Amino acid sequence: MARTNQNKIALITGAAGGLGQAFAKRLAEDGADIVLVDIQSCDETAKLVQTAGRSAMPVLCDIRSEQAVASLVTEVERRFGRCDILINNAGIYPIQPFEQLTFADWRRVMALNLDAVFLMTKAFAPGMKHRGWGRVVNVSSSTFNMVASGYAHYIASKGGVVGFTRALATELANHGVTVNAISPSLTRTPGTEARTPRPGRRDMDEEFEQIAKLQAIRRVQVPQDLVGVVSFLVSDDSAFMTGQTLYVDGGMVRV
């Protein structure tokens, strides 16, 4: 396999499992050392990175906290000296009808899905800009275009991620730093398998299958469907691409 990101330092939020773990494994195989950030243990992900022959730095950090993120910057600089690649992957996706949604519920989703994207990028983008090279990839969602019920707070947060991606790309483009987003469909991971299905669905298997029927490629999405796109977006091959949102969803959204 070509080592497209040899000796780069990549930081991934939500790295304990699911998509974050898959991204970490692939970027380690590409040649990057990985900072693994989550509020849960990333030891399992760290083993995958090390098996690929790269260094792993697992960090417990609440990225909703400005102070915690500042401490994270210090830890990363002490260990690696820099962060070349930032993947803002952490997020939550509770189902809640709008009439039952409280402001506290709204803020809880915004804090992780959007505020943390701002805090992490605000913390690490200046170093990328100073060095003249950097990659930021934000994880949005195809629900932003599909508008599923029960997700007003989640869809609003992911729409904010798309807008933030577009705006920040303009400000960093002339400094060798690209900012792009990916929008997956519902992806089968241990986390999504453990969710409560939407009303009218027997279980999550039915939920996955019903979503797959809306796609051009009618099978359930898995993390492996996303890792190649992320690998491309953080490489030099994507150097002339910024401010874009790629719908990696089996053709559910076609724009």
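Every value quoted in this text rests on a predicted model; they were computed, and no experiment measured them.
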| said: Any heavy-atom pair between the side chains of Val35 and Cys83 that's under 4.5 Å? | reply: no
Hydrophobic cluster of [X], others only, ordered by chain and residue number, side-chain cut-off 4.5 Å:
X      : result
Leu27  : Ile12, Leu19, Phe23, Ile34, Leu36, Val49, Ile85, Ile87, Trp133, Val137, Val139, Ile182, Leu226, Val227, Val229, Val230, Phe232, Leu233, Val234, Met241, Leu246, Val248
Phe240 : none
Ile39  : none

Could I get the full list of side chain to side chain contact (heavy atoms under 4.5 Å, CB included) partners for [X], not counting sequence neighbours?
X      : result
Ile92  : Pro94, Arg108, Val109, Leu112, Asn113
Gln100 : Gln96, Pro97
Ser41  : Asp43
Thr178 : Arg135, Asn180, Thr242

Under the rule for side chain to side chain donor-acceptor pair (under 3.5 Å), what residues qualify as partners of [X], not counting sequence neighbours?
X      : result
Asn7   : Arg54
Thr121 : Asn88
Arg131 : none

| Does the side chain of Ser142 pick up a donor-acceptor pair with the side chain of Asn145 at under 3.5 Å? | no
| Non-neighbouring partners of Asp237 that pass salt bridge (Lys or Arg N to Asp or Glu O under 4.0 Å), sequence neighbours left out |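 Partners of Asp237 by the salt bridge (Lys or Arg N to Asp or Glu O under 4.0 Å) criterion come out as none, since no residue qualifies.
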| task | Under the ring-ring contact (aromatic ring centres under 6.0 Å, His included) rule, collect the residues that match up with Phe80, sequence neighbours excluded. | result | none
